[in-house]
Asks: 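Attaching a single structure in structure tokens format; questions to follow.
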Amino acid sequence: MTQTEQRTRPPRARRRGVFAGVVVLALLLLFGVPWATIVLPWPEPVALAGSVLFGLAMLSFPVLMFLGHGRGSDRAAVVADTTLGVVWVLFSWSVLSLLARVALLGVAEPLRSRLVAGLVLGVSLVLVLYGVREAMRVPRVRRVEVTLPRLGAGLDGTTVVVLTDTHFGPIDRTRWSERTAAVVNGLEPDIVCHAGDVADGTVRQRRSQAAPLGTITARLAKVYATGNHEYFGEAQAWLDHLASLGWEPLHNRHIVVERGGDRLVLAGIDDATAQASGLEGHGARLDAALDGVPADTAILLLAHQPKQIAGTAGQVDLQIAGHTHGGQIWPFHYLVRTDQPVLQGLSHHGTTQLYTSRGSGFWGPPLRVFAPSEITLLTLRAPN
């Protein structure tokens, strides 16, 4: 064994050990807290059956995750992702059930624990059913007006439809994709933007689901920039495929659209994870994206993650992001906010405005709880 190997193997082993420990702890918490809340209060036969069910779910979950997201089995991914969504809801409401225990202090055991268990099960069942319906429906249209000080009068009233985080994946949502495209076309937009995370998987796997994107029309332009999930697979292939469907890939570049004698720059940069992907020529480069931009022209920038505003604020007029899904399954948004400066909606960062979409699809668990999906219709306004 070389000296280099002697120096590097122990730290790597420790990192693997730490990672394994974190995974085991997370599994014990996610499955153990609902198990203790929902299963233990009941008579022995019921508690035993519930314990077996939770145990099998906990043990099979990492295996299904590996088969689904590591080996590409869509069936395993659907089961694993659904399990994750359900157990997250159960875990969250099991923790919140501590408040119910306080409210029921006057009720003797085991009735109090059984009432709490029934309440958690009932609320969780309702939220899971509601969450699946919210995730699978066609997104509602969210309308927002944005005034850009540098926007010329000829472009006043320009409409920009924002799609993002469609996440075509293990569940075949071709019909959903068709209906979503029809809604976008019904808005008769001037510009359509897709702000990344088109799909989870390869172009070959998700071609039919992505095909309706080719039916979307816009008067001035259809533009696309990569999200982080493209870099889990075939980022360049997705850039090329979207181009074949009639979209302008804004891979650290820009185009200029014009109406009424005034111009608007549509620019895009790669996702924040692009540099670490190792793909040649990929990595967020605002300097390249804005190279040659006409002076005193309003700039609309696609950058998938809201936190990319840290490197772009003050250099563009309006930035469009996705990535957060609005938290997707409450109360996961508290964790999202530890990584991103904004969860959703329009925010101001110096002279730059940032619009963060809650996303049009979903990732992983086919649930959306208190974080509705959206197709955003931005109307750009020139100053009075």
Asks: Taking the side chain as every heavy atom from C-beta outward, state whether R173 and M136 have any atom pair closer than 4.5 Å.
Replies: yes
Asks: Once you round to the nearest 0.5 Å, how far does CG of L343 lie from OG1 of T324?
Replies: 5.0 Å
Asks: So, taking the atom named CZ in F362 and the one named CG in D200, what distance separates them when rounded to the nearest 0.5 Å?
Replies: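 These two atoms lie 9.5 Å from each other.
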Asks: Sub-3.5 Å donor-acceptor pair from the side chain of D317 to the main-chain atoms of L300, do we have one?
Replies: no
Asks: Please step through side-chain contact (heavy atoms from CB on, under 4.5 Å) for the pair L354 and T356, ending with a clear verdict.
Replies: CA-CA 6 Å; L354 170 66; T356 304; 3.7 Å; yes
Asks: Could you tell me whether the side chain of R207 and the main chain of A210 form a donor-acceptor pair under 3.5 Å?
Replies: no
Asks: If Ile, Leu, Val, Met, Phe, Trp and Tyr residues are connected whenever their side-chain heavy atoms lie under 4.5 Å apart, and connections chain through other members, are L104 and V120 in the same group?
Replies: yes
Asks: Distance check, rounded to the nearest 0.5 Å: L302 atom CG versus E248 atom CD?
Replies: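 If I round to the nearest 0.5 Å, the distance is 12.0 Å.
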Asks: For G361, is there any backbone N or O sitting under 3.5 Å from a side-chain donor or acceptor partner on R368?
Replies: yes
Asks: Is the backbone N or O of R263 less than 3.5 Å from a side-chain atom of E258, with the two atoms forming a donor-acceptor pair by type?
Replies: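 Judged by distance alone, no pair lies under 3.5 Å.
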Asks: How far does CZ of R253 sit from CG of L266, to the nearest 0.5 angstrom?
Replies: 10.5 Å
Asks: Do L264 and L380 have side chains that approach each other closer than 4.5 Å (heavy atoms only, starting at C-beta)?
Replies: yes
Asks: Could you tell me whether the side chain of L301 reaches within less than 4.5 Å of the side chain of T352, counting heavy atoms only?
Replies: no
Asks: Listed by chain and number, what are the side chain to side chain donor-acceptor pair (under 3.5 Å) partners of D287, not counting sequence neighbours?
Replies: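 Partners of D287 under the side chain to side chain donor-acceptor pair (under 3.5 Å) test: R285.
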Asks: Can you name the side-chain contact (heavy atoms from CB on, under 4.5 Å) partners of F370, sequence neighbours left out?
Replies: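 With neighbours one apart ignored, the set is L127, Y130, W330.
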Asks: Determine the minimum heavy-atom distance between T226 and H304, stating which atoms define it.
Replies: O-CB, 3.5 Å
Asks: So, do Y355 and V146 sit near enough that their side-chain heavy atoms are less than 4.5 Å apart?
Replies: no
Asks: Output the distance between atom CG (D197) and atom NE2 (H325), rounded to the nearest 0.5 Å.
Replies: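 NE2 of H325 is found 6.0 Å from CG of D197.
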Asks: Does V33 share a hydrophobic cluster with L121, counting links as ILVMFWY side-chain heavy atoms below 4.5 Å and allowing steps through other members?
Replies: yes
Asks: Does F54, at its CZ atom, have more than 12 non-hydrogen atoms belonging to other residues, nucleotides or ligands within less than 6.0 Å?
Replies: yes
Asks: If you measure from NE2 on H254 to OG1 on T297, what distance do you get to the nearest 0.5 Å?
Replies: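 Spacing of NE2 (H254) from OG1 (T297) equals 9.0 Å.
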Asks: Please say yes or no: joined through hydrophobic side-chain contacts below 4.5 Å, possibly via intermediate residues, are I320 and V141 part of one cluster?
Replies: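 Not linked; separate clusters.
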Asks: Hey, does the side chain of N185 reach the backbone of T217 with a donor-acceptor pair shorter than 3.5 angstrom?
Replies: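 Such a contact is found between N185 side chain and T217 backbone.
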Asks: If we only count heavy atoms from C-beta on, is the W176 to R179 side-chain gap below 4.5 Å?
Replies: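 When only atoms from C-beta onward are counted, R179 and W176 do not touch, as no gap falls below 4.5 Å.
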Asks: Can you tell me if H69 and D81 form a side-chain donor-acceptor pair at under 3.5 Å?
Replies: yes
Asks: Which heavy atom of I309 sits nearest a heavy atom of P341, and at what distance?
Replies: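 Scanning both residues completely, I find the closest heavy atoms to be CG2-CG, 4.3 Å.
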Asks: Say whether, by atom type as modelled, one donor and one acceptor occur between the side chain of Q344 and the main chain of R358 under 3.5 angstrom.
Replies: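 No, the answer is negative, given that no donor and acceptor are paired below the 3.5 Å cut-off.
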Asks: Could you note down all residue pairs passing salt bridge (Lys or Arg N to Asp or Glu O under 4.0 Å) where residues 318-329 supplies at least one of them, sequence neighbours left out?
Replies: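 For residues 318-329, and leaving out neighbouring residues, there are no salt bridge (Lys or Arg N to Asp or Glu O under 4.0 Å) pairs at all.
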Asks: Could you work out, with side chain to side chain donor-acceptor pair (under 3.5 Å) as the rule, every residue matching S277, not counting sequence neighbours?
Replies: none
Asks: Take H194 and K222 through the side-chain contact (heavy atoms from CB on, under 4.5 Å) test and state the conclusion after the steps.
Replies: CA-CA 8 Å; H194 196 303; K222 296 192 302 182; over 6 Å; no
Asks: Contact between R150 and V265 at the side-chain level, heavy atoms closer than 4.5 Å - yes or no?
Replies: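 No, their side chains stay 4.5 Å or more apart.
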Asks: What pairs of residues pass the salt bridge (Lys or Arg N to Asp or Glu O under 4.0 Å) test when at least one of them lies in residues 120-134, not counting sequence neighbours?
Replies: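 Sorted result for residues 120-134: E134-R137, E134-R140.
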Asks: May I have all residue pairs that pass salt bridge (Lys or Arg N to Asp or Glu O under 4.0 Å) and include part of residues 112-130, sequence neighbours excluded?
Replies: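 Only E109-R112 qualify under salt bridge (Lys or Arg N to Asp or Glu O under 4.0 Å).
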Asks: Does T166 reach the main-chain N or O of V198 with its side chain, forming a donor-acceptor pair under 3.5 Å?
Replies: yes
Asks: Could you go through H323 and T164, starting from their C-alpha distance and side-chain angles, then the distance that decides it, and tell me whether this counts as side-chain contact (heavy atoms from CB on, under 4.5 Å)?
Replies: CA-CA 8 Å; H323 187 67; T164 185; over 6 Å; no
Asks: One pair to check against side-chain contact (heavy atoms from CB on, under 4.5 Å): L151 and D262. What are the steps and the verdict?
Replies: CA-CA 8 Å; L151 189 71; D262 290 303; over 6 Å; no
Asks: Going by the rule side chain to side chain donor-acceptor pair (under 3.5 Å), which residues pair with W35 if we only count those two or more places apart in sequence or in a different chain?
Replies: S51
Asks: Enumerate the residue pairs fulfilling side-chain hydrogen bond (donor to acceptor under 3.5 Å, both in side chains) with a member in residues 93-103, sequence neighbours excluded, ordered by first and then second residue.
Replies: R101-S113
Asks: Main chain of I38, side chain of W42: is a donor-acceptor contact present, judged purely on distance under 3.5 Å?
Replies: yes
Asks: For residues L378 and L318, determine if any side-chain heavy atom of one lies less than 4.5 Å from a side-chain heavy atom of the other.
Replies: yes
Asks: Got a list of side-chain donor-acceptor pairs under 3.5 Å for residues 239-247, not counting sequence neighbours?
Replies:
residue: D240; atom: OD1; partner: Q236; partner atom: NE2; Å: 3.0
residue: S244; atom: OG; partner: H241; partner atom: O; Å: 2.5
residue: W247; atom: NE1; partner: L213; partner atom: O; Å: 3.1

Asks: T37 side chain to A117 main-chain N or O, any donor-acceptor pair under 3.5 Å?
Replies: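 Judged by distance alone, no pair lies under 3.5 Å.
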Asks: Among residues two or more places apart or on two chains, list those pairs meeting salt bridge (Lys or Arg N to Asp or Glu O under 4.0 Å) that have a residue in residues 269-282.
Replies: none
Asks: Please tabulate, for the side chains in residues 72-79, all donor-acceptor contacts under 3.5 angstrom to protein atoms that are two or more places apart in sequence or on a different chain.
Replies:
residue: S73; atom: OG; partner: A76; partner atom: N; Å: 3.3
residue: D74; atom: OD1; partner: R206; partner atom: NH2; Å: 3.1
residue: D74; atom: OD2; partner: R206; partner atom: NH1; Å: 3.0

Asks: Is the count of non-hydrogen atoms from other residues, nucleotides or ligands lying under 6.0 Å from Q275 atom CD greater than 12?
Replies: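 It does not: Q275 CD has 12 such atoms or fewer within range.
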Asks: Just by modelled atom types, is the V203 backbone N or O under 3.5 Å from a matching donor or acceptor in the E234 side chain?
Replies: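 Answer holds: yes.
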Asks: Using residues 153-161 as the side-chain source, report each donor-acceptor pair under 3.5 Å to any protein atom, sequence neighbours left out, with the distance given to one decimal.
Replies:
residue: D156; atom: OD1; partner: A382; partner atom: N; Å: 2.8
residue: D156; atom: OD2; partner: R381; partner atom: NH1; Å: 3.3
residue: T158; atom: OG1; partner: L155; partner atom: O; Å: 2.6
residue: T158; atom: OG1; partner: R259; partner atom: NH2; Å: 3.1
residue: T159; atom: OG1; partner: D190; partner atom: N; Å: 3.1
residue: T159; atom: OG1; partner: D190; partner atom: OD2; Å: 3.2

Asks: Is any side-chain heavy atom of Q319 less than 4.5 Å from a side-chain heavy atom of H349?
Replies: no
Asks: In terms of hydrophobic clusters joined by side-chain contacts under 4.5 Å, are L367 and V138 together?
Replies: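 Result: no, two separate clusters.
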Asks: Test of understanding: clusters of I, L, V, M, F, W, Y form through side-chain heavy atoms closer than 4.5 Å, transitively. Do L119 and V107 belong to the same one?
Replies: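 Yes; V107 is reachable from L119 via cluster members.
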Asks: Run through P139, S373, S177 and flag the one making a side-chain contact (heavy atoms from CB on, under 4.5 Å) with S360.
Replies: P139
